[in-house]
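Here's the structure we're looking at; comments come further down.
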Amino acid sequence: MRIDGKILPPGDWFGGPLLVQGAETVFLPRFNLRRRRFELCRIDLITREVHVLTPPRPLIWLHQLEADQLYFYEDLERRELTRLDLATGELHAAKKADGGEMNAVLLNPFFVIAVTILTAAGIAIILLILG
């Protein structure tokens, strides 16, 4: 990923889906090739700084952002929902607000790759506009 022509940590790949908070902050998973794990990151679009918010995980699929709570799945079947308290940095197991069951849709790996590519292209366009 490039921000203002600068390559952010070589060897790391940012993917999606992403979540946007205001005009200055983007949350997205970063795949660390050396560790073969995902880390949830916050990118400040003004300063171009990357902040790692979670320890490495096998998968991070962002779901939604509510106030200072960020929800993400840790499995392709989207059954294991985790809540990150952005104010404290604490991680918690989460349930859907309606108490219903999580979707158990198995995602096609080609779909995941396509979403990652499109997300990277979208981030590049946002950064060019803000640039």
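- Taken from NE2 in H92 to OH in Y71, the straight-line distance is 10.0 Å, to the nearest 0.5 Å.
- Distance check, rounded to the nearest 0.5 Å: CG of N32 to CH2 of W13 gives 12.5 Å.
- Side-chain contact check for L70 versus D85: every heavy-atom pair is 4.5 Å or farther apart.
- Applying the side-chain hydrogen bond (donor to acceptor under 3.5 Å, both in side chains) rule to T82 yields the partners E74; only residues at least two apart in sequence or on another chain are considered.
- The CZ atom of F38 sits 12.0 Å away from atom CZ of R30, with the distance rounded to the nearest 0.5 Å.
- Within the 4.5 Å cutoff, side-chain heavy atoms of L65 are placed close to those of L86.
- Two rings, from Y73 and H63, have their centers less than 6.0 Å apart.
- With sequence neighbours left out, R42 forms a side-chain contact (heavy atoms from CB on, under 4.5 Å) with T25, F27, H51, L53.
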Might you work through the side chain to side chain contact (heavy atoms under 4.5 Å, CB included) test for L19 and L28, ending with a clear yes or no? CA-CA 7 Å; L19 296 174; L28 66 165; over 6 Å; no

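- Separation of atoms CZ (R83) and CZ (F72) is listed at 11.0 Å; rounding is to 0.5 Å.
- No side-chain heavy atom of E49 sits less than 4.5 Å from a side-chain heavy atom of I43.
- Using a 4.5 Å cut-off between side-chain heavy atoms of Ile, Leu, Val, Met, Phe, Trp and Tyr, with links allowed through other members, L59 and L33 fall into the same hydrophobic cluster.
- Partners of E24 according to the side-chain hydrogen bond (donor to acceptor under 3.5 Å, both in side chains) rule, which considers only residues two or more places apart in sequence or in another chain, do not exist here.
- The two residues T47 and D44 come nearest to each other via the heavy atoms N-OD1, 3.0 Å.
- Looking only at side-chain heavy atoms (C-beta outward), L91 and T54 come within less than 4.5 Å of each other.
- The two residues E39 and I60 come nearest to each other via the heavy atoms C-CD1, 3.6 Å.
- Side-chain atoms of D75 come within 3.5 Å of backbone atoms of E80 as a donor-acceptor pair (strictly under, hydrogens ignored).
- The nearest pair of heavy atoms linking P17 to P29 is O-CD, 3.7 Å.
- Taking both residues in full, the closest heavy atoms of L62 and L18 are given as CD1-CA, 4.0 Å, listed atom of the first, atom of the second, then distance.
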